[in-house]
Amino acid sequence: PPPPPPPPPPPPLQAEDGIRDVAGCLVGSEMCIRDRINGEKTELDIPAGMTALELIRDRLALKGTKEGCGIGECGACTIVVDGRAVNSCLMFAAQLDGREISTVESLDQAGQLHPIQTAFAKQHAVQCGFCTSGLLMSTRALLTAQSNPDRSEIVKAISGNLCRCTGYHSIIAAIEDAAKPQPKEDK
């Protein structure tokens with residue numbers, strides 16, 4: 001008689017089995033990314049098609065980053081990745097692997113407003129607030145790269161951010177204020 005057929009191979013391991021590979025990622029998960037978000041190291045298992053915006057809002061529950069248009073036209077979803085302002089709706093979460101990411105929540109200073117936020121409030125550069133987080137992050141990227149930008153550099157830096165309420169005079173004035181050296185507090 002012929003020999004019996006070999007047994008079928010075991011089913012592939014799935015993420016729900018909870019087994020991790022040598023790199024620490026769940027076996028069977030689609031992607032494992034390691035990055036630093038708002039100063040904290042993270043290691044996340046994510047589906048391959050997830051956008052950075054979905055990761056930030058839905059998985060990490062950082063709701064300050066907004067979804068406006070979903071096609072990279074409005075800037076409401078702007079985050080800072082390795083010092084550059086980017087539209088998180090156009091970026092796959094997998095592209096964040098190994099990167100330094102800042103969301104608007106990174107501006108928190110133990111309950112105190114960040115100087116950029118203070119300048120926006122002082123200049124009345126906020127009305128409905130939907131675009132504000134993206135504008136704040138574009139401003140942060142600009143001021144990190146260029147501590148004393150001129151008006152044309154400011155306009156270029158926020159050219160990807162749409163605001164339908166305030167116009168841009170108060171926003172530009174706020175960024176100019178934020179770029180000024182901050183007075184030292186007496187202790």
**Q** For the residue pair A157 and S138, what are the closest heavy atoms and their distance?
**A**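 Minimum heavy-atom contact is O-CB, 3.8 Å.
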**Q** Heavy-atom count around K63 NZ within 6.0 Å, excluding the residue itself: above 12?
**A**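 Yes, enclosed.
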**Q** Has Q109 got more than 12 heavy atoms of other residues, nucleotides or ligands less than 6.0 Å from its CD?
**A**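 More than 12 heavy atoms, drawn from other residues, nucleotides or ligands, come within 6.0 Å of this atom.
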**Q** Locate the shortest heavy-atom distance separating E67 from L53; write the atom from each residue and the value.
**A**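 In terms of heavy atoms, the two residues are closest at CB-CD2, 3.5 Å.
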**Q** For residues G72 and L90, report the shortest heavy-atom separation together with the two atoms involved.
**A**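 The pair with the smallest heavy-atom distance is CA-CD1, 3.6 Å.
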**Q** Are F92 and L55 packed together at the side-chain level, in the sense that at least one heavy-atom pair is separated by less than 4.5 angstrom?
**A**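 The answer is no; the side chains never approach within 4.5 Å.
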**Q** With clusters defined by side-chain heavy atoms of hydrophobic residues (ILVMFWY) lying less than 4.5 Å apart, directly or transitively, does L142 cluster with V155?
**A**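 They do share one cluster, since a chain of ILVMFWY contacts under 4.5 Å joins V155 to L142.
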**Q** Apply side chain to side chain contact (heavy atoms under 4.5 Å, CB included) to S102 and I79, showing your working.
**A** CA-CA 6 Å; S102 296; I79 59 173; over 6 Å; no
**Q** Taking 4.0 angstrom as the limit, do R99 and D82 come out as a salt bridge?
**A**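 Salt bridge: yes.
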**Q** Step by step, work out the side chain to side chain contact (heavy atoms under 4.5 Å, CB included) result for L44 and L96.
**A** CA-CA 11 Å; L44 302 160; L96 299 176; over 6 Å; no
**Q** May I ask whether L107 and I171 are part of the same hydrophobic cluster, defined by side-chain heavy atoms of I, L, V, M, F, W, Y residues being less than 4.5 angstrom apart, directly or through others?
**A**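 L107 and I171: one cluster.
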**Q** Tell me whether M137 is reachable from Y168 by hopping between hydrophobic residues (I, L, V, M, F, W, Y) whose side-chain heavy atoms are closer than 4.5 Å.
**A**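 Linked, Y168 and M137 end up in one cluster.
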**Q** Does the side chain to side chain contact (heavy atoms under 4.5 Å, CB included) test come out yes or no for T78 and N87, once each step is laid out?
**A** CA-CA 5 Å; T78 303; N87 292 326; 3.7 Å; yes
**Q** Apply the side chain to side chain contact (heavy atoms under 4.5 Å, CB included) test between I56 and each candidate in T51, L62, V104; give the one that qualifies.
**A**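 One option only clears the test, and that one is L62.
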**Q** Which of these passes side chain to side chain contact (heavy atoms under 4.5 Å, CB included) with I33: D45, I46, T42?
**A**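 Of the listed residues D45, I46, T42, the side chain to side chain contact (heavy atoms under 4.5 Å, CB included) partner of I33 is I46.
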**Q** Show every donor-acceptor pair shorter than 3.5 Å between a side-chain atom in residues 116-129 and any protein atom, with sequence neighbours excluded, or say none if there are none.
**A**
unit_1 : atom_1 : unit_2 : atom_2 : d
Q117   : OE1    : H114   : N      : 2.8
T118   : OG1    : H114   : O      : 3.3
Q123   : NE2    : D177   : OD2    : 2.7

**Q** On a heavy-atom basis, which atom in R151 and which in I172 lie closest, and how many Å separate them?
**A**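 So the two residues come closest at NH1-CG2, 3.4 Å.
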**Q** Out of the candidates E100, M91, Q95, only one should pair with V81 under the side chain to side chain contact (heavy atoms under 4.5 Å, CB included) rule; please name it.
**A**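 By the side chain to side chain contact (heavy atoms under 4.5 Å, CB included) criterion, V81 pairs with just one of E100, M91, Q95: M91.
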**Q** Is it possible for you to say whether I101 and L135 belong to one hydrophobic cluster, with membership spreading through side-chain heavy-atom contacts below 4.5 Å?
**A**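 Not linked; separate clusters.
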**Q** Look only at the side chain of E153 and the backbone of D150, and say whether a donor-acceptor pair between them is shorter than 3.5 Å.
**A**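 At least one qualifying donor-acceptor pair exists.
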**Q** State, to 0.1 Å, how close P149 and A179 come at their nearest heavy-atom pair, and which atoms those are.
**A**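 Residues P149 and A179, closest heavy atoms: CD-CB, 3.8 Å.
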**Q** Can you name the nearest heavy-atom pair linking N161 to G75, along with the distance?
**A**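 Scanning both residues completely, I find the closest heavy atoms to be ND2-O, 3.2 Å.
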**Q** Where the side chain of D108 meets the backbone of G111, is there a donor-acceptor pair that is under 3.5 Å apart?
**A**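 Confirmed, D108 side chain pairs with G111 backbone.
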**Q** Would the distance check show the side chain of R34 and the main-chain N or O of K41 forming a donor-acceptor pair, the cut-off being under 3.5 Å?
**A**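 No; zero donor-acceptor contacts below 3.5 Å.
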**Q** Donor-acceptor check, side chain of T139 to backbone of I175, threshold 3.5 angstrom: yes or no?
**A**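 A pair under 3.5 Å: no.
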**Q** Considering only Ile, Leu, Val, Met, Phe, Trp and Tyr, and joining two whenever side-chain heavy atoms are under 4.5 Å apart, list the other residues clustered with F130.
**A**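 F130 clusters with nothing; isolated.
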**Q** Using side-chain heavy atoms (C-beta onward) and a distance below 4.5 Å, is M50 in contact with M31?
**A**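 Sidechains of M31 and M50: no contact.
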